[in-house]
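Have a look at the structure below, then the notes.
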Amino acid sequence: MARRKLVAGKWKMHGISADLAEIGSIALAAETAAADVALCVPATLIERAVRAAPGFAIGGQDVHQSDKGAHTGCISAAMLLDAGAQLTIVGHSERREAQGESDADVKAKAEAGLAAGLSVILCVGESDSIREAGIAVETVAAQLDASLPGGIEEPTRFSVAYEPIWAIGTGKVPSVADIDEMHVALRGRLVAAFGEAGNQVRILYGGSVKASNAAEIFGVQDVDGALVGGASLKAADFLPIVEAASGSADR
Ligand code: PGA
């Protein structure tokens, strides 16, 4: 089953008008990349990012599960689409922790995004204490089971990102063997949930991905791309990661 790699950048709470030039440079290089490339930016920047880079995949970093209503400060899938977004992240650990999002919330958000026609990247990952306790694989597998949407009509519009919390923004990365073990387990859960379609879902790795470690990570079986935070803010840091993904064969 060949899966085209996806390299998605996410800007967290960074990005104003002055940063649009970076998006333009990334979008230009993405046109010739042999991998899918996307940037998930703050909601305030989505519409301008789409205008700065027509056709390039711009996304949001969260979506509310309801269509509309009394949810002050929240943004629906229809609103993301209206702004020109093609995708959204759901369940990032920073939101699970700081905004208290549960697996059930994340599942509902994923379902809302997919139903509206967005592509969805659903994040899971363990804390350092869970990793140290030796129960990372079963913990993350259970988190995925509880967060998965009920169905996926177009598996290529749905991706999972395995992001160990202790690796995000720290410069620490799991061993290749640990990434491999986790991705194989998550693939098993996707196939258990969705049958053959589970083999078409991309499983990204995220957490301190940078130019110097991208090729090794992309070499791992069942790593179908990356979710990149800090190294996605500048084209000069992000594009070598896109090149590494382009250079590793589709599987
Ligand atoms: P990082 O962030 O690449 O800066 O570690 C990853 C993420 O938040 O998804």
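Counting starts at 1 for both ligands and their atoms, in listed order. Both backbone and side-chain heavy atoms feed into the values below; hydrogens, waters and symmetry mates do not. Everything numeric in this text was worked out from a predicted model, so none of it was measured.
With contacts defined as side-chain heavy-atom distances shorter than 4.5 Å, the pair Ile75/Leu80 qualifies. Gln61 is listed as a side-chain neighbour of Pro42, based on a closest heavy-atom distance under 4.5 Å.
Under 3.5 Å, the side chains of Arg96 and Ser147 contain a donor-acceptor pair of N or O atoms.
When each of Thr88, Leu87, Val63, Ile152 is tested with Val120 by the rule side-chain contact (heavy atoms from CB on, under 4.5 Å), just one qualifies, namely Thr88.
Here the shortest heavy-atom pairing between Ala30 and Phe56 reads CB-CE1, 3.7 Å.
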May I have every N or O pair linking ligand 1 to the protein at under 3.5 Å, one per line with atom names and distance?
from	atom 1	to	atom 2	distance (Å)
ligand 1	3 (O)	Gly229	N	2.8
ligand 1	4 (O)	Gly230	N	2.8
ligand 1	5 (O)	Gly169	N	2.6
ligand 1	5 (O)	Ser208	N	2.8
ligand 1	8 (O)	Lys10	NZ	3.0
ligand 1	8 (O)	Lys12	NZ	2.6
ligand 1	8 (O)	His92	NE2	2.8
ligand 1	9 (O)	His92	NE2	3.2
ligand 1	9 (O)	Glu163	OE1	3.1
ligand 1	9 (O)	Glu163	OE2	2.5

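With sequence neighbours excluded, the residues forming a side chain to side chain donor-acceptor pair (under 3.5 Å) with Ser127 are Ser129, listed by chain and number.
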